[in-house]
Enquirer: 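Take this structure first; my questions come after.
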Amino acid sequence: MPLAKKKDDQLPLLNLPQRERKKEHAKALHPLTTAQQLGSIVKSARDIMRKDKGLNGDLDRLPMLTWIMFLKFLDDMERIREEEAVLGGKKFRPAIEPPYRWRDWAAKDTGITGDELIAFVNNDEAVRPDGTRGLGLFAYLRGLHGANGGDRRDVIATVFKGTINRMINGYLLRDVVNKVNSIHFTSSEEIHTLGHLYESMLKEMRDAAGDSGEFYTPRPVIRFMVEVIDPRLGETILDPACGTGGFLVEAYTHLEKQCKTVQDRLILQTRSLFGGEAKSLPYLLAQMNLLLHGLESPQIDPGNSLRFPLKEIGDKDRVDIILTNPPFGGEEERGIRSNFPEDKQTSETALLFLQLIMRKLRRQPKPGRAGMVVPNGTLFGDGVCAKIKEELLTQFNLHTIVRLPNGVFAPYTSIPTNLLFFDRSGPTKEVWYYEQPSPEGRKQYTKTQPLQYEEFEPCLAWWKKREENERAWKVPAVDILKNSCNLDIKNPSGKQDFEHLPPEQLADDILKKEQRIIQLTVEIKAILSEKV
């Protein structure tokens with residue numbers, strides 16, 4: 001039975017009977033591509049791109065391949081939507097009109113190529129595939145507007161406002177387009193396989209990005225955080241700094257297992273997952289990542305999540321769950337800082353996101369909960385940082401801090417990191433700490449020997465029991481509040497490993513000891529002077 005349309009036929013694709021018939025029809029027309037064949041297609045496309053002088057490394061090649069796949073994916077989805085509309089006796093308005101659809105300019109191996117293709121893609125005005133003059137491809141896509149705002153046309157426009165075609169050889173571009181054309185996005189099996197392949201490419205991009213790779217969080221960390229937060233179908237999940245969409249993809253996978261009915265899938269597709277990403281490249285990558293994993297209308301805000309005054313965020317803006325790894329070490333402009341309370345304004349991005357998360361968590365009927373990655377400095381910071389932590393401890397339940405070993409994010413950053421888990425069930429009574437151990441027999445993680453999800457298994461087992469042991473300890477909140485809200489509390493059963501401490505922490509420890517020595521010296525001199 002056809003469901004009510006959403007915003008001009010932008011209804012997510014559900015497992016309706018007619019879609020199943022369409023799938024079988026698609027399989028008959030296009031035999032399934034194996035994982036090996038898909039890998040070969042993508043590798044061939046990347047090899048072709050290496051010949052183009054306009055591209056420099058994977059940081060250029062992956063975005064190119066992404067926008068090309070994005071347009072092929074959209075056209076395949078539009079074909080299915082059109083058939084569903086016809087079967088349901090509905091009118092259909094495509095998101096992309098002729099002659100800009102993939103089928104109009106890209107689907108034929110012998111279609112436009114060379115300088116003609118580059119001009120059609122890049123120029124504001126060009127000769128189109130049907131021989132008429134009009135807007136170029138990117139100019140057209142950037143000008144799309146949804147009927148009511150927030151539908152697929154708006155997503156396409158936002159994606160291409162931040163996208164540039166860097167290929168300069170139109171014949172090579174045609175070769176890449178022909179390769180991508182052999183991927184069949186009408187097959188859920190093929191999309192699933194390509195999703196895994198795409199994740200591996202994102203990891204490669206992180207490896208190539210160096211300092212630019214801040215939008216990638218190791219998958220084992222993401223999976224662990226989603227597992228312990230345990231989102232339930234019907235809850236709203238937000239990542240306000242979603243990068244390439246890792247947390248949202250994992251949350252989608254977690255929720256998909258709970259879907260039993262068409263209505264469940266409708267809830268998952270339209271009312272469950274939300275993100276924010278201000279940078280154009282990760283925004284594009286996140287859209288494709290989520291599309292490939294099955295979220296057919298990703299709801300990602302392309303603006304800075306910190307741009308709204310904190311006091312204006314009300315109940316209608318709150319969510320049940322927030323999972324995120326916000327950028328840290330960066331600085332926000334004065335206009336952004338002014339959105340926060342005067343006594344809690346700071347340029348440190350991580351602290352601004354912490355305040356945003358606290359504000360965005362739902363109070364009732366069920367208290368909202370959050371998991372976030374923070375740098376070590378957040379734990380021991382004073383001044384404004386201490387005020388923010390005081391609010392966290394007195395108005396939220398900061399129940400768990402997982403202390404990650406050095407090198408989890410290496411070699412891209414050596415800053416020690418922690419996972420904070422809190423909710424709105426009331427003030428904190430005690431904080432549980434769990435120290436995730438360093439890799440067995442190794443000093444630290446490396447790019448070739450990264451953290452594995454299985455290493456979190458002892459922590460997952462402990463999570464349900466909450467007993468003190470050599471890795472876990474608890475501290476009363478009142479003690480932390482008395483100590484200037486310092487959350488940087490060491491494992492009482494652990495040994496100080498000076499060799500592997502980061503230089504900043506070593507310097508900080510030396511300074512604290514020097515200050516303590518000076519204080520003791522002053523006290524001793526005072527006692528001696530009294531005796532004299």
Enquirer: Using a strict cut-off of less than 4.0 Å between a Lys/Arg side-chain nitrogen and an Asp/Glu carboxylate oxygen, indicate whether Asp301 and Arg307 qualify as a salt bridge.
Expert: yes
Enquirer: I need the minimum non-hydrogen distance between Gly243 and Glu277, along with the two atoms involved.
Expert: N-OE1, 2.8 Å
Enquirer: What is the distance from atom CZ of Phe224 to atom CD of Glu455, rounded to the nearest 0.5 Å?
Expert: 12.5 Å
Enquirer: Is the distance between the ring centroids of Trp432 and Trp463 under 6.0 Å?
Expert: no
Enquirer: Could you go through the side chain to side chain donor-acceptor pair (under 3.5 Å) check for Arg403 and Asn491 one step at a time?
Expert: CA-CA 10 Å; Arg403 311 213 65 172; Asn491 184 352; over 6 Å; no
Enquirer: Looking at every heavy atom in both Asp264 and Gln258, which two are closest together, and how far apart are they?
Expert: OD2-O, 4.0 Å
Enquirer: Please name the pair of heavy atoms, one in Leu144 and one in Arg153, separated by the smallest distance, quoted to 0.1 Å.
Expert: CB-O, 3.6 Å
Enquirer: Find the distance between CG (Leu281) and CG (Leu59) and round it off to the nearest 0.5 Å.
Expert: 7.5 Å
Enquirer: Taking all non-hydrogen atoms of both residues, which atom of Gly276 and which atom of Ser305 are closest, and how far apart?
Expert: CA-OG, 3.9 Å
Enquirer: Salt bridge or not between Glu391 and Lys344? Use side-chain N to carboxylate O under 4.0 Å.
Expert: yes
Enquirer: In terms of side-chain geometry, is the basic nitrogen of Asp230 or Arg232 positioned less than 4.0 Å from the acidic oxygen of its partner?
Expert: yes
Enquirer: Supply the atom-to-atom distance Leu352 CG to Ile357 CD1, rounded to the nearest 0.5 angstrom.
Expert: 11.0 Å
Enquirer: Would you tell me whether Gln452 and Tyr445 have side-chain atoms, one donor and one acceptor, within less than 3.5 Å of each other?
Expert: no
Enquirer: Between Leu393 and Ile480, is there a side-chain heavy-atom distance shorter than 4.5 Å?
Expert: yes
Enquirer: Can a side-chain donor-acceptor contact be found between Asn56 and Arg61 if the only test is distance below 3.5 angstrom?
Expert: no
Enquirer: Are Arg362 and Asp317 within salt-bridge range, i.e. N to O under 4.0 Å?
Expert: no
Enquirer: Would you call the rings of Phe422 and Phe396 parallel, tilted or perpendicular if under 30° counts as parallel and over 60° as perpendicular?
Expert: perpendicular
Enquirer: Compare all side-chain heavy atoms of Ile321 with those of Leu323 and state whether any distance is below 4.5 angstrom.
Expert: yes
Enquirer: Given side chains that start at C-beta, do those of Ile401 and Leu419 come closer than 4.5 Å, heavy atoms only?
Expert: no
Enquirer: Can you tell me how far apart CD1 (Ile300) and CZ (Phe274) are? Round to the nearest 0.5 Å.
Expert: 11.5 Å
Enquirer: Determine whether Val373 and Thr324 make a side-chain contact, defined as any pair of heavy atoms from C-beta on separated by less than 4.5 Å.
Expert: no
Enquirer: Measuring from Thr244:OG1 to Met201:CE, what's the distance to the nearest 0.5 Å?
Expert: 12.0 Å
Enquirer: Any chance CD of Glu342 has more than 12 other-residue heavy atoms, nucleotides or ligands included, within less than 6.0 Å?
Expert: no
Enquirer: Do Glu235 and Arg369 sit within salt-bridge range, that is, some charged N less than 4.0 Å from a carboxylate O?
Expert: yes
Enquirer: If every non-hydrogen atom of Lys387 is compared with every non-hydrogen atom of Asp343, which pair is closest and at what distance?
Expert: CD-O, 3.5 Å
Enquirer: Find out whether Leu361 and Arg318 are in side-chain contact, i.e. whether some heavy atom of one side chain is under 4.5 Å from a heavy atom of the other.
Expert: no
Enquirer: Can you tell me how far CD of Gln287 sits from SG of Cys242, rounded to the nearest 0.5 angstrom?
Expert: 8.5 Å
Enquirer: Using a 6.0 Å distance limit plus a 45 degree cone around the ring axis, check whether Arg223 lies over the aromatic ring of Tyr453.
Expert: yes
Enquirer: So Arg466 and Thr400, side chain to side chain donor-acceptor pair (under 3.5 Å) or not? Walk me through it.
Expert: CA-CA 10 Å; Arg466 298 284 165 145; Thr400 313; 2.8 Å; yes
Enquirer: Where do Tyr283 and Val159 come nearest, in terms of heavy atoms and distance?
Expert: CE2-CG2, 3.7 Å
Enquirer: Are any non-hydrogen side-chain atoms of Leu398 and Phe421 less than 4.5 angstrom apart?
Expert: no
Enquirer: When you compare the side chain of Leu306 with that of Asn339, does any pair of heavy atoms fall below 4.5 Å?
Expert: no
Enquirer: Measure the shortest side-chain to side-chain distance between Ser280 and Thr163 over non-hydrogen atoms and say whether it is less than 4.5 angstrom.
Expert: no
Enquirer: Output, in order, the C-alpha distance, side-chain angles, deciding distance and verdict of side-chain contact (heavy atoms from CB on, under 4.5 Å) for Val475 and Glu430.
Expert: CA-CA 6 Å; Val475 180; Glu430 60 188 20; over 6 Å; no
